[in-house]
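Right, one structure below, let's go through it.
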2 protein chains.
Amino acid sequence: MSAEQSLDVIRSEFIEKTGLISQAEGLPRIAGRVFGMLIFDGDMVSFSDLATGLQVSRASISTSIRILEERGLVKRMTKPGERQDYFQLAPNPYATMLTGIQKRTLATRSEIADTISKLPANASAADRLAAYADFYASLDSAIKLALDELDAPTTSKSGQHPAASKDLSDDR
Amino acid sequence: MSAEQSLDVIRSEFIEKTGLISQAEGLPRIAGRVFGMLIFDGDMVSFSDLATGLQVSRASISTSIRILEERGLVKRMTKPGERQDYFQLAPNPYATMLTGIQKRTLATRSEIADTISKLPANASAADRLAAYADFYASLDSAIKLALDELDAPTTSKSGQHPAASKDLSDDR
DNA sequence: GTTTCCGTTCAGTCAAGACTGAATAAACTT
DNA sequence: AAGTTTATTCAGTCTTGACTGAACGGAAAC
């Protein structure tokens with residue numbers, strides 16, 4: 001089962017994928033599908049395009065868009081002479097996602113540090129708590145690196161990103 | 001509100017924190033509290049200690065432990081002459097967590113790559129899909145770095161971890 | 001063999017939240 | 001002003017999954 005697939009099938013499979021992926025990241029599934037549709041269809045997708053294209057109520061589109069806007073992943077646009085709202089991906093949505101993750105990581109890291117600071121000096125738990133904090137510390141510095149890698153302006157003339165050609169099979 | 005706090009209060013606040021943190025990471029809250037209790041109380045925490053200490057049903061402890069064991073975060077032990085099971089943190093739980101995250105990241109990365117490979121050469125979506133894939137690529141390499149940082153044996157004689165002394169306020 | 005102690009499984013309850021339809025609001029058209 | 005078109009809000013439904021109590025199974029103690 002393979003060879004050729006119609007672009008429509010590829011497209012809708014991709015949108016379903018992004019729905020599931022985003023769900024795993026903590027977003028509602030529909031918001032993920034909206035995100036996927038914006039990736040695939042590109043600029044200037046209208047509100048009703050989203051509702052009909054994803055076969056979902058306009059109310060769901062409204063709340064999904066709100067969530068995506070709050071997270072800074074999507075930008076709302078208007079066309080002169082048109083009443084509808086149009087949407088597109090925000091400039092660098094992925095860096096924004098990472099920044100959000102970073103914020104959360106930093107918060108939990110400092111909560112742990114807070115507990116450690118309250119601990120009496122002889123507490124036997126201190127070492128294990130420190131290891132727990134270290135985990136979030138290295139997570140934090142890793143995110144920082146990923147951010148650097150991601151929003152490096154990429155001098156090459158195309159919008160091509162640096163990691164695009166990375167070998168996918170080089171795990172560990 | 002401050003000055004001194006009893007160790008018990010500090011402990012239970014910490015356990016509640018880990019419950020919430022783990023919930024944000026996708027684990028059930030009780031599993032997070034079990035994890036927190038193992039961090040704080042250390043080796044050899046018995047099954048019934050967990051149930052009574054966290055004030056939850058033994059059934060909940062059972063499933064939480066199962067989840068934590070499946071993820072490789074917790075080890076089950078027994079004491080000679082005792083019928084009860086005892087638990088402690090697995091050797092390097094945080095590296096294991098990262099490995100799990102890495103696995104998922106890699107999976108979604110290859111799903112996106114799969115879609116890209118099916119795309120006709122002239123597809124306008126190609127660039128945006130590539131950027132999406134790049135995001136997971138840099139996430140992946142960041143995780144790899146965090147792993148290196150984490151399970152570096154740390155030559156210093158104590159179990160102290162390298163990032164322990166990192167300045168918490170150096171964000172970006 | 002019977003009892004006791006533990007852990008697991010399973011059916012059922014409960015709460016959280018995703019999604020919808022209907023009502024509302026706002027802006028433009030006529 | 002009345003009527004369209006479009007987005008948001010809100011009450012209600014439905015699904016998912018966390019958690020519990022009770023039944024079960026197995027292993028040691030008696």
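Each chain gets a letter, A, B and so on, in the order the sequences are listed, and its residues count up from 1.
In terms of position on DNA chain C, the residue among A/Arg83 and B/Glu69 whose nearest nucleotide sits closer to the 5' end is B/Glu69.
One can place NZ of B/Lys79 at 18 Å from C1' of C/dG7, the figure rounded to the nearest angstrom. Between the C1' atom of C/dA27 and the CG atom of A/Asp85 lies a distance of 11 Å, rounded to the nearest Å. Taking atom CD on A/Glu82 and atom C1' on D/dT4, their separation rounds to 15 Å, with Å as the unit. The nearest whole Å value for the distance from the CD atom in B/Gln23 to the P atom in C/dA16 is 10 Å. One can place CZ of A/Phe47 at 5 Å from P of D/dA7, the figure rounded to the nearest angstrom. Rounded to whole Å, the distance from CD1 on B/Ile65 to P on C/dG7 is 10 Å. Nucleotide C/dA18 holds its P atom 17 Å from the CG atom of A/Leu54, rounded to whole Å. Distance A/Leu50 CG to D/dT6 P: 14 Å, rounded to the nearest Å.
The distance from the CE atom of B/Met37 to the CD1 atom of B/Ile39 is 12.5 Å, given to the nearest 0.5 Å. Rounding to the nearest 0.5 angstrom, the gap separating the OG1 atom in B/Thr105 from the CG atom in B/Asp140 is 6.5 Å.
An OP1 or OP2 oxygen of D/dT8 is reached within less than 4.0 angstrom by a side-chain nitrogen or oxygen of A/Arg76.
Residue B/Val56 is grouped with residue B/Phe47 when hydrophobic side chains (ILVMFWY) are merged at heavy-atom distances under 4.5 angstrom, including chains of intermediate members.
Side-chain polar atoms of B/Ser60 and B/Ser57 form a donor-acceptor pair below 3.5 angstrom.
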Report summary line: Protein heavy-atom contacts under 4.0 Å, written 5' to 3' over nucleotides 16-21 of chain D as B (base), S (sugar-phosphate only) or - (none), form the string --SSBB

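Taking Ile, Leu, Val, Met, Phe, Trp and Tyr as hydrophobic and joining them when side-chain heavy atoms fall under 4.5 Å apart, one finds B/Val9 isolated, its cluster having no other members.
Salt bridge annotation for B/Lys118-A/Glu13: present, with a cationic side-chain nitrogen under 4.0 angstrom from a carboxylate oxygen.
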